[in-house]
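As structure tokens, the structure follows; a few thoughts come after it.
What's counted below: heavy atoms across the whole structure, side chains too, no hydrogens, waters or symmetry copies. Each chain gets a letter, A, B and so on, in the order its sequence line appears, and its residues count up from 1.
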Number of protein chains: 4
Amino acid sequence: MLLAVDFQSDVPIYIQLKQQIIEGIARGRLAEGESLPSVRQLAQDIGINLHTVNKAYSLLKEGGFIIMDRRKGAVINTRQAMAAGDCREKLRDELAPIIAEVFCKGMKEEELIQEIARIYKSFSEDGKHGL
Amino acid sequence: MLLAVDFQSDVPIYIQLKQQIIEGIARGRLAEGESLPSVRQLAQDIGINLHTVNKAYSLLKEGGFIIMDRRKGAVINTRQAMAAGDCREKLRDELAPIIAEVFCKGMKEEELIQEIARIYKSFSEDGKHGL
Amino acid sequence: MLLAVDFQSDVPIYIQLKQQIIEGIARGRLAEGESLPSVRQLAQDIGINLHTVNKAYSLLKEGGFIIMDRRKGAVINTRQAMAAGDCREKLRDELAPIIAEVFCKGMKEEELIQEIARIYKSFSEDGKHGL
Amino acid sequence: MLLAVDFQSDVPIYIQLKQQIIEGIARGRLAEGESLPSVRQLAQDIGINLHTVNKAYSLLKEGGFIIMDRRKGAVINTRQAMAAGDCREKLRDELAPIIAEVFCKGMKEEELIQEIARIYKSFSEDGKHGL
DNA sequence: GTGGTCTAGACCACG
DNA sequence: GTGGTCTAGACCACT
């Protein structure tokens, strides 16, 4: 899978990496058991620091998206235990400020939900192809 | 309106302030034309530096949520021109990584939309009270 | 002449007053020998502080645009000695940063001069009416 | 490029910096893709506080004159989308008071345009050298 | 070593 | 008393 970082973004590079890999999993482009490139390899490919890639992998491991294997390196793990409670609360905290803002800008509930559904479907559609 | 910042949070204080004020507007607790406290006053009330408040106010001004009036200070502005295009794209970029993550965690579309709708309604409900 | 100040502008009110009165003179709406309202009167009309009007009048007097008369108050003076040297240098310092900016934005010389001419003519046209 | 601030001037230091850098771009002394010094470096060189430099850089970024790159710091960006409408209106608001003043002082249209043209040409001439 | 964030304290312009 | 500007020094996140 191709990873493209935006060096001009205000989102830290290691967060961009993390997000793109999670999106890759969601879209089925990174399948269960597949190995990610080594830290060194990926850092060189993108032209960034080792530490940056390392940090991204650490976060992914923490979130249960990958498992570190001594021989195969970082391995995709799609079977994730959903800590339902944590997840919901965290989700709410992340969404509330975003929704408040578009609410103030006048976006209607239907528009918002439609937008959400479109994004969600973009994952499940791609996911099917991955099967 | 009461503002409370979490000094332990990794979200910068000025962002917390900005978000709480936007939520305050969304919930109708801060009405059109109302003045916010002066930077010095609010800084003292919360127990933070005035520059931190200043930065929050600057961002709110930039986003069109308040207007700086030379006599009345920071004034709430609910009549916002919604730059629809920009808004949608920004929204998508903010939501995609969040949705990708809960998608991987196994959250169903209905659950997600239900959660979104609940948050949105919490604003429009409060807004009605404000009338 | 009607003076309208914008309390949301980042231009100080007293500067706005000064500029509008100078523009009024340029357009011939304020004629030689005519009196401006008293400081108190103008402050009350616009709803601003006495000091603010005072400061504007002081600047105008300094620039030779008005003469303070004990009986008639602030009197318009259109016969101004043009301190040519000073004026040119000051003009260059004010214009250079503005022109540099539009130059960077890609505005062509013809466009710029056309714009300047339009503004200048708006004064001389109005000025004729005043004669 | 050499930057020199006037500490006696009533123009804020961060504005002086901003203007000098924009002029530097206009004159071709700062080329596309070139990096500006770090805020700390420049602050030390000039003998001012790094926050002051930071503010100047922030304004330049906002205006599209530089791009903040996570690896290369502040990078000159000459390819600017000219928001033609905004630009014209802003230009008019900035020029009108200046032109009104010299009009009152008796400067003729030809003199004014000649002065403008001279300033503009000083940029395009230098620009050629930059090629 | 970089920029981002926060604090603290000072002076001035503005109203 | 207000916000705007500037300084100084500190810690942290990022690369």
Side-chain angles (χ1 to χ4, degrees), chain A residues 5 7-17 43 46-56 59, chain B residues 5 7 9-17 35-44 46-59 61 66 68-75, chain C residues 5 7-17 43 46-56 59, chain D residues 5 7 9-17 35-44 46-59 61 66 68-75:
Chain A
V5 300
F7 295 106
Q8 281 137 44
S9 166
D10 55 347
V11 178
I13 295 175
Y14 76 94
I15 299 280
Q16 291 185 47
L17 287 182
I46 307 181
I48 60 178
N49 197 296
L50 279 177
H51 304 335
T52 309
V53 179
N54 227 327
K55 198 157 188 176
L59 285 182
Chain B
V5 300
F7 294 101
S9 167
D10 57 345
V11 178
I13 297 176
Y14 75 94
I15 298 281
Q16 292 184 45
L17 286 181
S35 283
L36 292 176
S38 77
V39 286
R40 280 180 169 79
Q41 185 64 52
L42 184 53
Q44 195 184 338
I46 304 178
I48 59 177
N49 191 278
L50 83 170
H51 292 124
T52 308
V53 179
N54 211 345
K55 188 152 188 180
Y57 279 18
S58 296
L59 287 184
K61 181 185 162 197
I66 63 174
M68 295 307 288
D69 184 291
R70 287 189 167 270
R71 297 165 306 173
K72 293 185 285 180
V75 178
Chain C
V5 300
F7 296 105
Q8 282 137 44
S9 167
D10 55 346
V11 179
I13 295 175
Y14 76 95
I15 299 279
Q16 291 185 48
L17 286 182
I46 306 180
I48 59 178
N49 196 297
L50 280 178
H51 304 335
T52 310
V53 180
N54 228 327
K55 200 158 186 175
L59 284 182
Chain D
V5 300
F7 294 103
S9 167
D10 56 345
V11 179
I13 296 176
Y14 74 94
I15 298 282
Q16 292 184 47
L17 285 181
S35 283
L36 291 176
S38 76
V39 286
R40 279 180 168 80
Q41 186 65 51
L42 185 52
Q44 196 183 338
I46 305 180
I48 59 176
N49 191 278
L50 83 171
H51 290 123
T52 309
V53 179
N54 212 340
K55 188 152 189 180
Y57 279 18
S58 296
L59 287 183
K61 181 184 162 200
I66 63 174
M68 295 308 287
D69 184 289
R70 287 189 167 270
R71 297 165 307 172
K72 293 185 285 179
V75 178

Length of the CG-P vector between D:Leu42 and E:dT2, whole Å: 12 Å

Qualifying residues under side-chain contact (heavy atoms from CB on, under 4.5 Å), relative to B:Gln44, sequence neighbours excluded: none

Protein-nucleotide distance (C:Gln8, atom CD; E:dG15, atom P), rounded to Å: 13 Å

Under the side-chain contact (heavy atoms from CB on, under 4.5 Å) test, residues paired with A:Ala56 that sit two or more places apart: A:Tyr14, A:Leu17

For B:Asn49, side-chain hydrogen bond (donor to acceptor under 3.5 Å, both in side chains) partners two or more places apart: B:His51

side-chain hydrogen bond (donor to acceptor under 3.5 Å, both in side chains) against A:Asn54, all qualifying residues, sequence neighbours excluded: none

Bracket string, DNA chain F, 5' to 3' - pairs by Watson-Crick or G-U geometry under 3.5 Å, | interstrand: ||||||||||||||.

Which atom of D:Val75 lies closest to which atom of D:Lys72, heavy atoms considered: CG2-CB, 3.9 Å

Whole-Å distance separating the CG atom of C:Asp10 from the C1' atom of E:dG15: 16 Å

Partner residues of D:Arg40 under the salt bridge (Lys or Arg N to Asp or Glu O under 4.0 Å) criterion, sequence neighbours left out: none

Annotated protein contacts, base or backbone, on nucleotides 7-15 of chain F with a non-hydrogen cut-off under 4.0 Å, one of B, S, - each: BBB-B--SS

Whole-Å gap separating P (E:dC6) and CD1 (B:Ile46): 12 Å

Within-4.5 Å side-chain heavy-atom neighbours: B:Ile48 and B:Val53: yes

Minimum side-chain heavy-atom gap A:Pro12-D:Arg70 below 4.5 Å: yes

N or O in side chain of B:Asn54 less than 4.0 angstrom from F:dG3 OP1/OP2: no

